[in-house]
Protein chains: 2
Amino acid sequence: MKLSGGVEWAVHCCVVLTQAAEPVPAARLAELHQVSATYLAKQLQLLSRAGLVRSVQGKSGGYVLTRPPEQITTLDIVEAIEGSQSTYVCTEIRQRGPMAAPPEACTAPCAIARTMYAADRAWRAALREVTVADLCRSVGTDYDGDVMGQVGAWLSAAGS
Amino acid sequence: MKLSGGVEWAVHCCVVLTQAAEPVPAARLAELHQVSATYLAKQLQLLSRAGLVRSVQGKSGGYVLTRPPEQITTLDIVEAIEGSQSTYVCTEIRQRGPMAAPPEACTAPCAIARTMYAADRAWRAALREVTVADLCRSVGTDYDGDVMGQVGAWLSAAGS
DNA sequence: CAAACTCGGATAACTAATGTCCGAGATAAT
DNA sequence: ATTATCTCGGACATTAGTTATCCGAGTTTG
């Protein structure tokens, strides 16, 4: 029950991408965070498949957000990386063994599954409440100086 | 981000153990659910380490709940199997790379980590709300007949 | 006192996540 | 228009975690 490490990278990338008007290559994002460029590319591909970012190919290509940051929730990012399937999978063991429940009595999920699904929904609901715009705002107030602006300037700068 | 399959088995075992006054061997619980006996034993060991069940050795030994079912939450069981560590681990990538934040500015977790931790707490809070006693009650109302009583009788019965 | 049955930790097989590579495609400059 | 360069995209090794298993230590019962 551990969240993929790539989720952290992906959320950070979405936050910094709000400060870039032009496409940012994956290699540059990797340099900014000092992480494996090839593996980060994999995460960005997932974001692209989910429609959160748009990939631009060619000489001055890279990744751009497709929506305004107010319309991107952390849940969107997490589900893009981890998938939208529930964290709990019920194997219906109540229908097995000598005390097996008859299939016609198992149309609805059992009490245990209902509890797990409810917890899963609560987790997702909490993530849905926070948008990328909220995260940017928090970053602005957490530190002194215009950190977001500085990052944006660094992304636009040419060489390293 | 998938919950260990053993969690399902462990919760089911705790529910049925409420119906057994005497110790129940792991092999019998495995037979009831038609799952691997040796692997289920591993889950029960984890429950034992967490103090949720008490193991009794010897000829008529087995496992017994240590507390009344009202005092065992599903969170207790999940944490016994999966561990109590957070689902999100922050690697502090904000302190790395050319735009690294100074360590003295990173005493508190960043906005992204705070969001993830909050979601984690919401998930755990939902699980903490449901006790094993609640699950037993739900099982009683979900099906016709005294299912819980029948399972208890089967556990006490001698042969297969 | 002995035998049988129990749990407990140490040990393999397998799956999924992690990390890496090179080719297809598009853009920009020539 | 062409060429060269830079981009992403999917296919390929490697590592860690989960799943499954076995045999020895300890205890109760007859």
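Worth knowing before you read on, the calculation uses all heavy atoms, side chains too, and leaves out hydrogens, waters and symmetry mates. Numbers restart at 1 for each chain; the letters A, B, ... are given by sequence-line order, proteins then strands.
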(message) Once side chain to side chain donor-acceptor pair (under 3.5 Å) is applied, do any residues pair with D120(A), and if so which ones, sequence neighbours excluded?
(response) T87(A), R124(A)
(message) So for atom CD, which belongs to E22(A), do other residues, nucleotides or ligands contribute more than 12 heavy atoms lying within a distance under 6.0 Å?
(response) no
(message) Restricting to side-chain contact (heavy atoms from CB on, under 4.5 Å), what partner residues turn up for S4(A), sequence neighbours left out?
(response) V7(A), I81(A), E82(A)
(message) Tell me every residue that passes side chain to side chain donor-acceptor pair (under 3.5 Å) with Y117(A), counting only those two or more places apart in sequence or in another chain.
(response) none
(request) May I ask you to list the residues of residues 13-26 of chain A, by number, that have any heavy atom positioned under 4.0 Å from an atom of DNA chain D? (result) P25(A), A26(A)
(request) Tell me which of Q43(B) and Q45(A) sits closer to the 5' end of DNA chain D, going by the nucleotide each one is nearest to. (result) Q45(A)
(request) Answer yes or no for R128(B) and W123(B): cation-pi contact, defined as NZ/CZ to six-membered ring centre under 6.0 Å and angle to ring axis within 45°. (result) no
(message) Protein within reach of the bases, or only the backbone? For nucleotides 21-30 of chain C, mark each nucleotide 5' to 3' as B, S or -, using heavy atoms under 4.0 Å.
(response) B---BBBS--
(message) Please list all pairs meeting side-chain hydrogen bond (donor to acceptor under 3.5 Å, both in side chains) that have one or both residues in residues 53-62 of chain B, counting only residues at least two apart or in different chains.
(response) none
(request) Could you tell me which residues satisfy side chain to side chain donor-acceptor pair (under 3.5 Å) with S84(B), sequence neighbours excluded, listed by chain and number? (result) none
(request) Pull out every residue in residues 47-55 of chain B that has a heavy atom closer than 4.0 Å to any atom of DNA chain C, ordered by number, or say none. (result) S48(B), R49(B), S55(B)
(request) Anything under 4.0 Å to a heavy atom of chain B counts; send over the first and last such nucleotide of DNA chain D, read 5' to 3'. (result) dT19(D) to dT29(D)
(message) Once salt bridge (charged side-chain N to carboxylate O under 4.0 Å, His left out) is applied, what residue pairs with a partner in residues 94-103 of chain B remain, sequence neighbours excluded?
(response) E92(B)-R94(B)
(message) Give me each pair satisfying salt bridge (charged side-chain N to carboxylate O under 4.0 Å, His left out) with a member in residues 135-145 of chain B, each pair once, sequence neighbours excluded.
(response) R114(A)-D142(B), D134(B)-R137(B)
(request) Check salt bridge (charged side-chain N to carboxylate O under 4.0 Å, His left out) between D146(A) and all other residues, then give those that pass, not counting sequence neighbours. (result) none
(message) Taking side chain to side chain contact (heavy atoms under 4.5 Å, CB included) as the criterion, tell me which of L135(B), L65(B), L47(B), V15(B) meets it with I72(B).
(response) L65(B)
(message) Of the options dG8(C), dA10(C), dT18(C), whose atoms approach the side-chain atoms of K2(A) most closely?
(response) dT18(C)
